[in-house]
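Written below as structure tokens is the structure these notes are about.
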Amino acid sequence: MSHAVVITRTTTTTTSTSHLVLNTGYLKTTAGLLKLAQLIIGAVNVGIVAWYMRRNHSVYASGNPELFFLLMAVAFLIGTFCLLVSCLVSLSTGGIISKTIYELVYHAIAFILILTSSIILLSDVTSGRYYSSLKDAYMIASILGIINAALYLFSTILAQRSYRGI
């Protein structure tokens with residue numbers, strides 16, 4: 001009887017002065033690149049919206065779409081950062097966590113909430129209640145949010161394919 005064997009090669013970087021091991025090979029995988037892109041786009045979104053919300057005095061009004069967008073961007077920025085760091089500092093985490101239900105659930109929820117907040121912000125921006133530079137900034141943030149949601153959807157699909165349910 002024949003069977004398939006998968007051999008995974010992991011590249012690590014160490015320094016002689018510390019015992020920190022970095023799994024740099026994880027950033028060469030599709031999942032690693034997706035997490036890095038999600039992290040960068042999320043940081044840009046948080047920066048844009050936080051900068052312009054700071055200048056707006058009615059930030060905490062009820063039904064505020066930019067606050068909802070900022071909350072979703074920050075929440076998933078932190079979550080993605082934790083996932084990426086844990087996969088980088090551990091040789092086994094990147095291979096193990098992708099086989100659990102956690103990544104599938106995390107990326108699916110991130111996709112839904114970031115897409116929802118981006119669409120709500122985009123529809124609010126196009127309603128015409130913002131002045132020119134604020135409208136442009138929020139338009140860029142909402143479009144980047146939709147792109148980030150697409151990256152989370154792709155991560156959800158990859159996580160579903162690699163999930164090993166019992």
Nearest atoms (heavy-atom pairs only) where [X] meets [Y]:
X      : Y      : value
Ser142 : Leu122 : OG-CD1, 3.3 Å
Glu66  : Val49  : O-CG1, 3.7 Å
Pro65  : Ile120 : CB-CG2, 3.6 Å
Ser123 : Thr126 : O-OG1, 3.0 Å
Leu33  : Leu27  : CD2-O, 3.1 Å
Phe69  : Ala141 : CZ-O, 3.3 Å

When you measure from the side chain of [X] to the backbone of [Y], do you find a donor-acceptor pair of N or O atoms at a distance under 3.5 Å?
X      : Y      : result
Ser162 : Ser98  : yes
Tyr152 : Tyr106 : no
Ser90  : Ser86  : no
Thr80  : Leu77  : no

At what distance, to the nearest 0.5 angstrom, does [atom1] of [X] lie from [atom2] of [Y]?
X      : Y      : atom1 : atom2 : value
Thr116 : Met72  : OG1   : CE    : 9.5 Å
Ile96  : Leu91  : CD1   : CG    : 10.5 Å
Met139 : Leu134 : CE    : CG    : 11.0 Å
Leu113 : Ser118 : CG    : OG    : 10.5 Å
Leu39  : Ile41  : CG    : CD1   : 10.0 Å
Asn45  : Gln38  : CG    : CD    : 12.0 Å

Who passes side-chain contact (heavy atoms from CB on, under 4.5 Å) against [X], sequence neighbours left out?
X      : result
Phe154 : Thr30, Leu34, Leu158
Leu153 : Phe111, Ile157
Ser132 : Asp136
Ile101 : Leu104, Val105, Tyr163

Please tell me if the side chains of [X] and [Y] come closer than 4.5 Å, counting only heavy atoms from C-beta onward.
X      : Y      : result
Tyr26  : Leu84  : yes
Asn23  : Val89  : no
Asn148 : Leu144 : no

Kindly state each residue pair satisfying salt bridge (charged side-chain N to carboxylate O under 4.0 Å, His left out) with at least one member in residues 110-120, sequence neighbours excluded.
-> none

Using the salt bridge (charged side-chain N to carboxylate O under 4.0 Å, His left out) rule, collect all pairs that involve residues 35-45, keeping only residues at least two apart or in two chains.
-> Lys35-Glu103

Please work out which of the three classes, parallel, tilted or perpendicular, describes the rings of Tyr52 and Tyr138, given edges at 30° and 60°.
-> perpendicular

Considering residues, nucleotides and ligands other than Phe68, do more than 12 of their heavy atoms fall under 6.0 Å from its CZ?
-> yes

Could you walk me through whether Phe76 and Ile109 pass the side chain to side chain contact (heavy atoms under 4.5 Å, CB included) test, one step at a time?
-> CA-CA 9 Å; Phe76 293 109; Ile109 291 172; 3.9 Å; yes

Under a single-linkage definition using a 4.5 Å side-chain heavy-atom cutoff for Ile, Leu, Val, Met, Phe, Trp and Tyr, are Tyr131 and Val125 assigned to the same hydrophobic cluster?
-> yes

